[in-house]
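Residue indices begin at 1 and follow the sequence shown.
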Amino acid sequence: MKNYFTKYILLIFIFNALFIVKAQDKFPEWARGIVWYQIFPERFADGDVKNDSSLIDKVEIEAHKKIHDWHVKKWTSNWFAESNWEKELGGNFQSHLFERRYGGDLQGIIDHLDYLKNLGVGAIYLNPIFDAVSLHKYDGSTYHHVDVNFGPDPEGDKEIIASENPEDPSTWKWTSADKLFLKLIQEVHERGMKIIIDGVFNHTGTHFWAFQDIKKNGENSKYKNWYEIKSFINPANNKNELEYVGWSGAKSLPIFNRTKDDLNPGPKQYIFNATKRWMDPNNDGYPGDGIDGWRLDVANDIPMKFWYDWRNLVKSINPQAIIIGELWGLYPKFITGNGPFDALMNYNFAFAVNDFFIAKKKRIATSKFINELQMIDRAYPKENLDLLQNLVDSHDTERISSMIANPDRQYDHDANQRNSNYNPGKPDSIDYQTQKLIAAFQMTYRGAPMIYYGDEVGMWGADDPNDRMPMVWSNLKYDNEIITAASGFKKGFGSYKVEQNFNLLSFYKKIIQIRNNNDALKYGSLSFLYSNDKKYSFAFERKYKDDKLIIVFNLGSEIDNFEIPVEGKKLLYNELITDETGTLAGSSEIGGVLMIQIPPQSVKIYKLYSTK
């Protein structure tokens, strides 16, 4: 979730050069260099249409009104086509996108795990799954139950939840949605993959059970200190509204109360109890049936003592669990030495990719691009660099293909209808070629690359909510996406065919396979060997034990020819994308020279062998 007040504070790394950084203990080795796949559950797949009809209840709660003839949107419908109920509500196209539901659920994810496995994915990150009113679930109503509409029996689950004392874990039961999530965990693990979920511990929704008690009982509520309440409802003086602090000013997201260094003890204990539930569901001391870690929303907004205590709890349950913070910048205090997190969503990687791979008129020099990457390297312990989630887009940004189609903007800026020059239409073949280069860089560079669902099949879309369209599946026939002036955009008008881009998908599979088959790309050392500011080209080496690869990129408009001397006896090479093979020039007992001739807008991946 974005925080516009803090996300671009990027210069916190100044002291890095003054200190030696070291890694934490209880290190999640499995996460080094793994390929992540981010899923927005409501839009990934509708595996159980029977749970769709009850969605109306939450939609009307969020809309604060009855909606005549509301229905779940057809999965394959034109995103820009309004249903009758949307038209009747009035306003413009953008007015009611948050009232839409497409029916994505946990069964849909389970049904497509083999797709992810075949893609080469090693770990899944799920956006929030806990029960909430909204489609995005960052407004949790509880932390110890999965959203009832993600499971097979919403009405039955509501009765189970109502029978509990939410503050007392001994009364907690397992709903059908909870059980289905445990099945999802099992299915993921059986395929040799990992799964983490979103922890939104800074704030809740107004329908969170403790907040509802405050609204009902006012100052007599036992939970009145859980939130930052400014004033209570008081009919005696015509005070008819509860006043409280909302995250980033949003009244729909009341924040938990806190001391200078910690969260209030009440919500803190509740969060701890919920954490235990999902990490060791049967409480037998074996965490194999639980989640493999957490991604933490707006992590910098929560006091550090809470994170230190919470980390101790998490690692006591599963020392190999991973803790990833949503931090839009360089934040070494969270990872360096005894910091509470193992990794972060590496938005600085995305900033650099945007400024070099995507920008055209404003493209930075190759040397500056490399320097921006090396600033990340200097900020964190060497071991943790392999864990950083190297993303380019997410649920909080426009999609990568649309970034490429709309270059020369600051990352995550001006990607909606308020920008009269923004084109929300389908990217062209040249844009997708650039996306291939970015994917290749993600899969060959240091860190843990992350794919936002649907990027691999060419999905496009402006900033949220337009980046959260239903996943495009090969077995479904989709209506054309028709963009007109009614969309609110000023460009991109036309009719666009919606289908999987099989050429792009094939490339993703190939480049991920190359990564997964070479240990050096997953957790090897990294050294830049060459850069050319005029031709926008560069080369770097990845090395692990006897596994050595040299990766070359040319983002310019001209062929680049250069040589790279390589140590080793009688060296051979195999270019892994084209499968070209050969012998290094002058190859001898002491080394040889790799003669590079790389065309513009291309990548080469050389694997080096010795004949000894």
Inset, instruction - Output, in order, the C-alpha distance, side-chain angles, deciding distance and verdict of salt bridge (charged side-chain N to carboxylate O under 4.0 Å, His left out) for K268 and D262. - result: CA-CA 8 Å; K268 180 177 181 178; D262 205 349; 2.7 Å; yes
Apply the test side chain to side chain contact (heavy atoms under 4.5 Å, CB included) to residues Y115 and Y37: give CA-CA distance (whole Å), side-chain angles for both, the deciding distance (0.1 Å), then the verdict. CA-CA 11 Å; Y115 166 83; Y37 192 91; 4.2 Å; yes
Check against side chain to side chain donor-acceptor pair (under 3.5 Å), T397 and D412: CA-CA 6 Å; T397 73; D412 195 36; 5.4 Å; no
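Under 3.5 Å, the side chains of S252 and D139 contain no donor-acceptor pair of N or O atoms. In the model, N466 has no side-chain atom that pairs as donor or acceptor with a side-chain atom of E398 under 3.5 Å. Residues Y143 and T204 bring no donor and acceptor atom of their side chains to less than 3.5 Å of each other. With 3.5 Å as the limit, one finds no donor-acceptor pair spanning the side chains of Y453 and H112. Residues D292 and H189 bring a donor and an acceptor atom of their side chains to less than 3.5 Å of each other. The closest side-chain donor-acceptor pair between D168 and S170 falls under 3.5 angstrom.
The minimum heavy-atom distance linking Y102 with K74 is given by the pair CE2-O, 3.6 Å. For the pair L106 and A177, the tightest heavy-atom approach, listed with the atom from each and the gap, is CD1-O, 3.8 Å. Here the shortest heavy-atom pairing between F507 and A440 reads CZ-CB, 4.1 Å. Considering every non-hydrogen atom in both M279 and I291, the closest pair reads CG-CG1, 4.1 Å. Closest non-hydrogen pair, Y138 versus D297, comes out as CE2-OD1, 3.5 Å.
When atom types are taken as modelled, the side chain of W307 and the backbone of A299 share a donor-acceptor pair closer than 3.5 angstrom. Remark: the backbone N or O of G454 is paired with a side-chain donor or acceptor of E456 at under 3.5 angstrom. Proximity of a side-chain donor or acceptor of H144 to a complementary backbone N or O of N273 within less than 3.5 Å is not detected. At least one donor-acceptor pair closer than 3.5 Å links the side chain of K137 to the backbone N or O of A132. Looking at T444, its side chain never comes within 3.5 Å of a backbone N or O of R515 through a donor-acceptor pair. Remark: the backbone N or O of S141 is not paired with any side-chain donor or acceptor of D131 at under 3.5 angstrom. A donor-acceptor pair is defined here as one N or O able to donate and one able to accept, closer than 3.5 Å; such a pair exists between the side chain of N390 and the backbone of R446. Looking at R542, its side chain does come within 3.5 Å of a backbone N or O of A520 through a donor-acceptor pair. S248 places no side-chain N or O within donor-acceptor distance of the main-chain N or O of A250, the cut-off being under 3.5 Å. Q320 places a side-chain N or O within 3.5 Å of a backbone atom of F27 that can act as its donor or acceptor partner.
Residues forming a salt bridge (charged side-chain N to carboxylate O under 4.0 Å, His left out) with D386 (at least two apart in sequence, or on another chain): R32. Not a single side-chain hydrogen bond (donor to acceptor under 3.5 Å, both in side chains) links N354 to another residue, sequence neighbours left out. Scanning for ring pair (Phe, Tyr, Trp, His ring centres under 6.0 Å) contacts around Y508 gives an empty result, with sequence neighbours left out.
Residue Q500 is tested with N475, L505, L476 for a side-chain contact (heavy atoms from CB on, under 4.5 Å); the sole match is L505. Paired with I160 under the rule side-chain contact (heavy atoms from CB on, under 4.5 Å), one option of V148, D178, T175 passes, and it is T175. No option in I129, I124, I109 other than I109 meets the side-chain contact (heavy atoms from CB on, under 4.5 Å) test with L184.
To the nearest 0.5 Å, atom CG of residue L388 and atom CD1 of residue I376 are 7.5 Å apart. To the nearest 0.5 Å, atom CD1 of residue I214 and atom OG1 of residue T206 are 11.5 Å apart. How far OG of S54 is from CZ of R101: 11.0 Å, rounded to the nearest 0.5 Å.
A ring-centre distance under 6.0 Å is not found for W247 and F256. Ring centroid separation for the pair Y331 and Y347 does not come in under the 6.0 Å cut-off. Taking the six-membered ring wherever Trp is involved, the centroid distance between the rings of F208 and Y223 does not fall below 6.0 Å. Between W294 and W310, a ring centre-to-centre spacing shorter than 6.0 Å is recorded.
For Y286, the OH atom sits in a loose shell: 12 or fewer heavy atoms of surrounding residues, nucleotides or ligands are nearer than 6.0 Å. Within a 6.0 Å sphere centred on NZ of K158, other residues, nucleotides and ligands contribute more than 12 heavy atoms.
For the pair R100 and W79, the cation-pi test (distance below 6.0 Å, angle within 45°) is passed.
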